[in-house]
Amino acid sequence: MNNSKRKTVIAGNWKMNMTPNEGVAFVNELKSLVKDKNNCEIVICVPDVDIPTVSEALKGSNIKLGAQNAHWELKGAFTGETSVNMLKEYNVGYVIIGHSERRQFFGEINNSVNMRLKTIIESGLKAIVCVGELITERELGITTEIVSLQTKVALHDITAEQMKNVIIAYEPVWAIGTGKTATADEADRVNGIIRNVISDLYGENTAESTTIQYGGSMNAANAVELLSKVNVDGGLIGGASLKALDFTAIVDAAQ
Ligand code: PGA
């Protein structure tokens, strides 16, 4: 991470875990554990149905609230979807989009990630855009091509000014929930490739000030090494974000 140029963001992704009440109990524990930790932005991205209770529980804390997806339209006949305006009423500040689980199980494609991103940014929220290669793509030696393509399409028609509200999370799909982490050098290398894509699109200044996280089995044991890398500006954390002490240890690693 390079704190002089960009913000370090440690974001938890609860996925489909924790009921509204469990979420509140967890947040009450986490709030006191991280209350004096101000060197990074701390975010938890929770299931939509948890948002009202967790939002209330987070009031007055240094933890920001995020959602795990949002639709590109503001309202209408989209059964099962959630709009940015619905999220904003509960002080949601961040939205994850393009997560590999959405791509794998729910038909998310690069173009729909771009549509969501435009709406999220235009509504004043911040987005965490996930990119990352499958194991088969890594074995074919096309990781650079895959993450570059995903990044470019996601950012289509996004301006340099709007990039201030965009975070990219590099999440190699083979590392998510598997206990297999990319080595710190490999995470740094691919994050650097993404930064070069941003530089080509927007110039050096925007590239240097964009937060690029790593995600994929980040935990209390490997966070210090991953976060010590110059191109790794934070983490998107699944499994380890469900344990308050582990998540706090990752926040500590970013301090
Ligand atoms: P994991 O998940 O930390 O459990 O690998 C990361 C993610 O999917 O964002």
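Whatever order the structure lists ligands and atoms in, that order sets their numbers, starting from 1. Residue indices begin at 1 and follow the sequence shown.
Residue contacts with ligand 1: Gly216 is included, with a non-hydrogen atom under 4.0 Å away. For the pair Gly215 and ligand 1, no heavy-atom separation below 4.0 Å is found. The closest approach between Ala169 and ligand 1 stays at or above 4.0 Å for every heavy atom of the residue.
Only the side chain of Asn13 comes within contact range of ligand 1, with a heavy atom under 4.0 Å; no backbone atom does.
Other residues, nucleotides and ligands contribute more than 12 heavy atoms inside 6.0 Å of the NZ atom of Lys118.
Residue His99 has at least one heavy-atom neighbour below 4.0 Å for each of these atoms of ligand 1: 7 (C), 8 (O), 9 (O). Each of the following atoms of ligand 1 lies closer than 4.0 Å to a heavy atom of Ala175: 5 (O). Within the listing of ligand 1, atoms 1 (P), 3 (O), 5 (O) sit less than 4.0 angstrom from a heavy atom of Ser217. Interface atoms of ligand 1 facing Gly177, defined by a heavy-atom separation under 4.0 Å, are 1 (P), 4 (O), 5 (O).
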Extract all donor-acceptor atom pairs below 3.5 Å that involve side chains of residues 66-81 and protein atoms in other chains or at least two apart in sequence.
{"unit_1": "Gln68", "atom_1": "NE2", "unit_2": "Lys15", "atom_2": "O", "d": "3.1"}
{"unit_1": "Gln68", "atom_1": "NE2", "unit_2": "Cys45", "atom_2": "O", "d": "3.2"}
{"unit_1": "His71", "atom_1": "ND1", "unit_2": "Glu73", "atom_2": "N", "d": "2.9"}

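One finds a salt bridge joining Asp185 and Lys229 here, because a Lys/Arg side-chain nitrogen approaches an Asp/Glu carboxylate oxygen to under 4.0 Å. Ion pairing between a basic and an acidic side chain is recognised when a charged N comes within 4.0 Å of a carboxylate O; Asp233 and Arg195 show such pairing.
Of the listed residues (Arg116, His99, Arg103), just one forms a side chain to side chain donor-acceptor pair (under 3.5 Å) with Glu108, and that residue is Arg116.
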### Query
Given the rule in the side chain to side chain donor-acceptor pair (under 3.5 Å) test, do Tyr170 and Gln150 qualify, once you have shown the distances and angles that lead to the verdict?
CA-CA 10 Å; Tyr170 168 52; Gln150 290 174 337; over 6 Å; no

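The backbone N or O of Gly203 sits nowhere less than 3.5 Å from a side-chain atom of Thr206 that would complete a donor-acceptor pair.
Between Glu101 and ligand 1, a contact under 3.5 Å exists for no N or O pair.
The shortest non-hydrogen separation linking Ser32 to Glu29 is OG-O, 3.1 Å.
Looking only at protein heavy atoms, the nearest one to atom 3 (O) of ligand 1 is Gly238 N, 2.9 Å. In terms of protein heavy-atom proximity, atom 9 (O) of ligand 1 is nearest to Glu171 OE2, 2.7 Å. When hydrogens are left out, the protein atom nearest atom 4 (O) of ligand 1 is Gly239 N, 2.8 Å; that is the closest non-hydrogen contact.
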